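Let me begin by presenting the structure, written as C-alpha cells, before commenting on it.
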Amino acid sequence: MEDTGRSGLNRLELETQEYSVYITDEKGTSSGSGLLYYPGVGDRLFVFTCAHVIEELREPFQIYYFVPVDREKEDYRVVRLDAMHGQVVYSPLDVVTRENGTRRHSVDAAVICLVKDEGTMLDATDYFIGEAHKSDAIFIQGFPGERVQGMEMLEHLDCAHGMVLHNVPDKDTVLCRVEDTFLDHGNRVGELIGFSGSPVWNGTNGEKSILGLFACGIGETIYRGKVKILLSVFL
C-alpha cells in the first residue's frame with residue numbers, strides 16, 4: 001500500500017513539497033510560488049518562478065522555504081530570506097514591454113539569486129527536468145489563495161492534480177488540465193491565485209521529474225493551464 005500523509009498526499013508528493021517556495025512582500029501586495037534549487041555546495045541558492053509574480057512585489061520581498069528536520073514526520077523549519085529586484089535574472093530571450101503602466105514579459109519566467117544563511121544546512125537538490133507526454137499525470141504543488149494570518153506554512157502548501165493534454169514540439173509551454181481536487185467549483189479563479197510559479201511534477205513515473213512552472217490558467221473556469229518548460233526559457 002502506498003504511504004500517504006497530510007491530506008492524503010502520496011510518497012512522491014511528500015518528497016517534493018520541500019522544493020516549493022512561497023513568495024510575497026511585507027504588505028501582502030501580491031504572492032506567488034516558486035521552485036527551490038541548491039547545487040549542494042557554497043552559499044548560493046536559486047528560486048525559479050514566473051516573471052509576473054516578481055513584477056507586482058514591493059521590495060524588499062520575502063522568500064520562504066522549507067528545511068527538512070525530519071521528513072518522515074513532515075517536520076520542517078521555515079526559513080525566510082529578503083530579496084530585491086536587482087537579484088532577479090530573466091531569460092535572455094525575454095522582451096519587456098509596458099501595458100497600462102505594467103511591465104509585461106514575453107517569457108514569463110525568472111530566477112531569484114539568493115545567499116543562504118550560514119547556519120542553514122541544505123541537501124543538494126535531487127530532482128531532474130523531465131519530458132511531458134500526452135496523458136501523463138501531473139501534480140502542482142504551491143501556495144494558492146490568500147494566506148490566513150497565523151496559518152502555518154505547511155498548512156498553506158497545497159497540491160492540485162491533473163494531466164498533460166498535449167505537448168507541442170519546439171514550444172516552451174505545455175497545456176495541462178487542472179482537476180478540481182480541493183478547489184471550490186464556484187471560485188476556481190480565486191483559489192488558484194498564488195499558484196503562479198508553482199513546480200509542476202510528473203506524477204506518472206514515481207520519480208522526482210519536474211516538467212516546469214505553472215504559468216497561468218486558461219478560460220473563465222480555468223480547467224486548463226499553461227506550464228512553462230524550465231529548460232527552454234533559460235537557454
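Each residue takes its place number in the sequence, starting with 1. For clarity, every value in this text was computed on a predicted model and none was experimentally measured.
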Could you tell me if the side chain of [Y] sits less than 4.5 Å from the side chain of [X], heavy atoms only?
| X | Y | answer |
| --- | --- | --- |
| Leu114 | Tyr65 | no |
| Thr120 | Arg77 | yes |
| Tyr127 | Thr16 | no |
| Val200 | Val174 | no |
| Arg44 | Pro39 | no |
| Val115 | Leu81 | no |

Within the distance-only criterion (no hydrogens, no angle test), does the side chain of [X] pair as donor or acceptor with the backbone N or O of [Y] below 3.5 angstrom?
| X | Y | answer |
| --- | --- | --- |
| His156 | Pro144 | yes |
| Gln87 | Ile112 | no |
| His133 | Val164 | no |
| Asp43 | Lys116 | no |
| Thr49 | Ser33 | yes |
| Thr24 | Ser30 | yes |
| Asn10 | Leu12 | yes |

Minimum-distance pair of heavy atoms, taken over all atoms of [X] and [Y]:
| X | Y | value |
| --- | --- | --- |
| Gly40 | Ala124 | CA-CB, 3.6 Å |
| Val88 | Ala110 | CG1-CB, 3.8 Å |
| Ser198 | Gly142 | OG-CA, 3.3 Å |

* To do: Provide the full list of salt bridge (charged side-chain N to carboxylate O under 4.0 Å, His left out) pairs with a residue in residues 54-69, sequence neighbours left out, each pair given once.
  =>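 Residue pairs passing salt bridge (charged side-chain N to carboxylate O under 4.0 Å, His left out), neighbours aside: Glu55-Arg103.
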* Contact list for residues 14-29, test salt bridge (charged side-chain N to carboxylate O under 4.0 Å, His left out), sequence neighbours left out ->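 Qualifying pairs: Glu18-Arg71, Glu26-Arg80.
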* Asked: If Ile, Leu, Val, Met, Phe, Trp and Tyr residues are connected whenever their side-chain heavy atoms lie under 4.5 Å apart, and connections chain through other members, are Leu154 and Val78 in the same group?
  ->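 Leu154 and Val78: one cluster.
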* Check whether Ile129 and Phe139 end up in the same hydrophobic cluster, where Ile, Leu, Val, Met, Phe, Trp and Tyr are linked by side-chain heavy atoms less than 4.5 Å apart. =>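 Yes.
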May I ask you to decide if the ring planes of [X] and [Y] are parallel, tilted or perpendicular, using 30° and 60° as cut-offs?
| X | Y | result |
| --- | --- | --- |
| His105 | Tyr90 | parallel |
| Tyr22 | Phe143 | tilted |
| Trp201 | Tyr19 | tilted |
| Phe66 | Tyr76 | tilted |

When rounded to the nearest 0.5 angstrom, what distance separates [atom1] in [X] from [atom2] in [Y]?
| X | Y | atom1 | atom2 | answer |
| --- | --- | --- | --- | --- |
| Cys159 | Gln141 | SG | CD | 4.5 Å |
| Leu213 | Asp108 | CG | CG | 9.0 Å |
| Arg104 | Thr97 | CZ | OG1 | 8.0 Å |
| Ile140 | Glu13 | CD1 | CD | 11.5 Å |
| Ser106 | Asp94 | OG | CG | 4.5 Å |

* Applying the side chain to side chain contact (heavy atoms under 4.5 Å, CB included) test to Ser20, which of Leu35, Leu157, Leu36 qualifies? ->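 Exactly one option meets the side chain to side chain contact (heavy atoms under 4.5 Å, CB included) with Ser20, and it is Leu157.
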Can you list, pair by pair, the side-chain donor-acceptor contacts under 3.5 Å of residues 204-212, counting residues two or more places apart and other chains?
unit_1	atom_1	unit_2	atom_2	d
Thr204	OG1	Ala137	N	2.7
Thr204	OG1	Asn202	OD1	3.4
Asn205	OD1	Glu207	N	3.0
Lys208	NZ	Asp126	OD1	3.2
Lys208	NZ	Asp126	OD2	3.0

* Asked: Do other residues, nucleotides or ligands put more than 12 heavy atoms under 6.0 Å from Met121 CE?
  ->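 No.
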